[in-house]
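Here's the structure we're looking at; comments come further down.
Residue numbering restarts at 1 for every chain, and letters A, B, ... go by the order of the sequence lines.
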Number of protein chains: 2
Amino acid sequence: MKKLSRKERERIARRELIIDTAEEVISNYGFEGATMDAVAEKAELGKGTLYLHFKSKASIYLAICERGSKKLNQLMSKVLAEDLKGIDMIKKLGMVYLDFVKTYPIYFSAFNYYENLIGEEKLAGSELAAQCEEYAREAMAYIVRALQVGMQDGSIKDSYDPRELGLIIWGASKGVVHIAFLKEKKEHMKILDDVSFSLESLVKNFIELIGSGMRSDDHKS
Amino acid sequence: MKKLSRKERERIARRELIIDTAEEVISNYGFEGATMDAVAEKAELGKGTLYLHFKSKASIYLAICERGSKKLNQLMSKVLAEDLKGIDMIKKLGMVYLDFVKTYPIYFSAFNYYENLIGEEKLAGSELAAQCEEYAREAMAYIVRALQVGMQDGSIKDSYDPRELGLIIWGASKGVVHIAFLKEKKEHMKILDDVSFSLESLVKNFIELIGSGMRSDDHKS
DNA sequence: TCAAAATATGACCAATAGTCAGTAAATGAA
DNA sequence: TTCATTTACTGACTATTGGTCATATTTTGA
């Protein structure tokens with residue numbers, strides 16, 4: 001048992017090494033520009049070895065996506081554990097997401113990559129894709145939970161269906177952060193150059209905007 | 001002059017044919033799966049001919065993106081011409097966008113494709129990319145204009161900066177429609193299966209939500 | 001009528017994802 | 001320790017596909 005355990009640990013370490021290296025290469029060359037040969041060389045492994053751990057290039061990207069989802073969910077779960085009004089939980093979830101994107105831009109890119117794959121087979125029947133989906137479901141559950149808390153404590157209107165509202169908040173948050181994020185990557189997107197607001201300002205105002213839309217009347221300022 | 005004009009028309013027709021065919025092939029095989037050979041064959045042209053009109057595969061995708069932007073902007077400009085309260089213009093712009101995405105899903109995909117390219121060179125110095133950017137800027141201008149109308153006619157709070165609010169609305173709308181759109185592509189995204197709302201319902205509620213956030217107090221129900 | 005210019009073509013090239021036959025290392029029984 | 005067997009690794013090779021270019025075809029206009 002000990003022996004198997006060590007082998008298992010080594011196997012996992014190899015896998016992690018590959019993912020680490022892939023993140024590094026992608027950071028330097030982008031998702032398009034990163035090649036399997038480059039990853040193999042940087043990890044000091046033969047290319048074939050990569051394929052012992054991942055069945056395709058897309059799989060590695062999904063693994064990165066999985067890492068990111070896991071990390072984000074950990075951060076979100078902490079917010080849920082705090083003693084806050086529902087409306088403030090929602091706000092804090094928004095800020096946590098913004099912070100996450102700024103701290104780990106590569107995971108944000110990986111999420112987009114993943115979403116673009118949906119619908120184009122490739123990830124059909126993939127273990128990793130299923131895991132990513134599960135994490136996404138979990139993240140969604142946190143948002144819905146916070147909304148329910150808010151409806152319970154009276155800080156959020158209960159005229160919306162929490163699941164539908166959750167989906168809206170999730171989508172809208174991603175959209176706003178996405179657009180703010182594009183702005184940070186200089187070059188192009190001159191539309192954004194006209195607007196001189198920071199990512200923070202944008203997200204805070206967004207949270208404020210939807211916040212005042214969903215806040216129950218007896219909590220309005 | 002007549003001769004040159006005819007040649008010019010033929011040249012444009014060829015170009016349009018290629019874009020039409022590319023749209024068709026992409027619809028069948030996805031952006032990843034579509035190959036230049038497939039487009040050439042379907043258009044009954046030699047592959048080299050494609051490169052007389054477009055300098056790369058990405059260029060064709062950008063051309064599709066440009067078409068879509070143009071179309072969307074036409075639809076948006078009509079809304080601006082209507083005699084509506086600013087807040088209702090914003091709502092209508094949202095519905096127009098939703099309708100656009102449902103009617104021309106390929107353009108929505110093309111937009112996403114375009115955005116993913118931003119930052120990864122490839123479209124540096126591209127004529128088409130510049131045109132797409134210009135259209136995006138124009139779309140943004142419509143939203144800002146509608147907000148200004150609303151602030152003027154009193155239907156929208158003037159405590160926000162219209163440009164910042166415009167960016168938020170634009171990003172959030174895209175995010176919500178995006179997530180609702182993923183739902184339509186069956187398979188995967190089980191998170192969304194839990195939620196049985198239609199794209200319409202989602203977008204309407206979203207518009208309602210941000211609407212009540214930005215509506216000026218003397219217009220509140 | 002025909003030479004020159006413009007246009008079209010597909011065989012070819014380069015890059016890269018993915019494979020596999022062969023090699024090396026680890027294991028564990030004798 | 002030895003060696004057969006299993007496991008892990010490798011990089012040369014294949015297949016696919018975006019992009020090029022020498023050649024062929026068509027159009028032009030003198």
Side-chain angles (χ1 to χ4, degrees), chain A residues 1-19 21-22 25-26 28-64 113 117 120-126 128, chain B residues 1-19 21-22 25-26 28-64 113 117 120-126 128:
Chain A
M1 208 58 205
K2 180 83 191 312
K3 185 170 48 190
L4 179 71
S5 175
R6 201 206 67 216
K7 280 190 104 171
E8 201 54 26
R9 268 183 286 125
E10 279 178 357
R11 185 172 177 76
I12 290 171
R14 263 283 189 283
R15 199 187 137 90
E16 293 298 304
L17 168 67
I18 293 171
I19 303 177
T21 310
V25 173
I26 289 169
N28 291 335
Y29 303 101
F31 273 85
E32 291 283 312
T35 68
M36 294 300 269
D37 287 281
V39 173
E41 192 183 2
K42 191 127 196 170
E44 295 179 82
L45 292 171
K47 180 154 69 153
T49 307
L50 300 187
Y51 287 89
L52 293 178
H53 293 267
F54 298 94
K55 79 174 212 303
S56 70
K57 189 182 180 187
S59 290
I60 297 183
Y61 288 177
L62 282 184
I64 292 172
Y113 177 84
L117 282 188
E120 312 210 356
E121 12 274 276
K122 259 193 176 179
L123 42 70
S126 155
L128 280 165
Chain B
M1 207 57 205
K2 181 84 191 311
K3 185 169 48 188
L4 179 71
S5 176
R6 202 205 66 215
K7 280 190 104 172
E8 202 54 25
R9 269 183 285 122
E10 279 178 357
R11 185 172 179 76
I12 290 170
R14 263 284 189 285
R15 199 188 138 91
E16 293 298 304
L17 168 66
I18 292 171
I19 303 176
T21 310
V25 173
I26 289 169
N28 290 335
Y29 303 101
F31 274 84
E32 291 282 313
T35 68
M36 294 299 269
D37 287 279
V39 173
E41 191 183 1
K42 191 127 197 168
E44 296 179 80
L45 293 171
K47 179 154 69 155
T49 308
L50 300 187
Y51 287 89
L52 294 178
H53 294 266
F54 298 95
K55 78 175 212 304
S56 69
K57 188 183 180 185
S59 289
I60 298 183
Y61 288 177
L62 281 184
I64 292 173
Y113 177 84
L117 281 187
E120 314 210 352
E121 13 273 276
K122 257 191 176 179
L123 42 70
S126 155
L128 280 165

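Applying the side-chain hydrogen bond (donor to acceptor under 3.5 Å, both in side chains) rule to Ser59(A) yields the partners Ser56(A); only residues at least two apart in sequence or on another chain are considered. Among residues two or more places apart in sequence or in another chain, the ring pair (Phe, Tyr, Trp, His ring centres under 6.0 Å) test is passed with Phe31(A) by Tyr61(A), Tyr113(A). Arg14(A) is linked by a side chain to side chain contact (heavy atoms under 4.5 Å, CB included) to Leu45(A), His53(A), counting only residues two or more places apart in sequence or in another chain. Annotation: side-chain hydrogen bond (donor to acceptor under 3.5 Å, both in side chains) contacts of Thr49(A) (sequence neighbours excluded): none.
Rounded to whole angstrom, the span from the CD atom of Glu10(A) across to the C1' atom of dT7(D) amounts to 12 Å. For the pair Arg9(A) CZ and dA8(D) C1', the interatomic distance rounds to 18 Å; values are reported in whole Å. The distance between atom CD1 of Ile18(A) and atom P of dG18(C), rounded to the nearest whole Å, is 14 Å. The NZ atom of Lys55(B) sits 10 Å away from the P atom of dT20(D) (whole-angstrom rounding). We find that OH of Tyr51(A) is positioned 18 Å from C1' of dA8(D), with the value rounded to whole Å. Atom pair Glu8(B):CD and dA6(C):P shows a separation of 13 Å (rounding to whole Å applied). Put simply, NZ on Lys47(B) is 10 Å from P on dT17(D), counting in whole angstrom units. Between the CD atom of Glu32(B) and the C1' atom of dT16(C) there is a distance of 14 Å, given to the nearest Å.
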May I have the list of side-chain donor-acceptor pairs in residues 33-44 of chain A shorter than 3.5 Å, sequence neighbours left out?
residue: Thr35(A); atom: OG1; partner: Ala38(A); partner atom: N; Å: 3.0
residue: Asp37(A); atom: OD2; partner: Lys47(A); partner atom: NZ; Å: 3.4
residue: Lys42(A); atom: NZ; partner: Glu24(A); partner atom: OE2; Å: 3.4

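Here the closest heavy-atom approach between residue Leu62(B) and residue Ser126(B) is recorded as CD1-OG, 3.8 Å.
Checking dA8(D), dA17(C), dG18(D) against every side-chain atom of Leu52(A), the shortest atom distance belongs to dA8(D). Closest to the side chain of Thr49(B), out of dC9(D), dT9(C), dG19(D), is dT9(C). Looking at the side chain of Leu45(B), the nearest of the listed nucleotides dC9(D), dG11(D), dT9(C) is dT9(C).
Between dC9(D) and Arg14(A), a contact under 4.0 Å exists linking OP1 or OP2 to a side-chain N or O.
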Which atoms of nucleotides 24-26 of chain C (N or O only) lie under 3.5 Å from a protein N or O atom, and what are those distances?
none

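Between the OG1 atom of Thr21(B) and the CD atom of Glu16(B) there is a distance of 10.5 Å, given to the nearest 0.5 Å. Atom CZ in Arg11(A) sits 7.5 Å away from atom CG in Leu52(A) (nearest 0.5 Å).
Using a 4.5 Å heavy-atom cutoff, the side chains of Phe54(A) and Ile19(A) are in contact.
Arg11(A) comes within 4.0 angstrom of nothing in the nucleic acid, heavy atoms only.
Residues from residues 33-42 of chain A with heavy atoms under 4.0 angstrom of DNA chain C, sorted by number: Ala34(A), Thr35(A), Met36(A).
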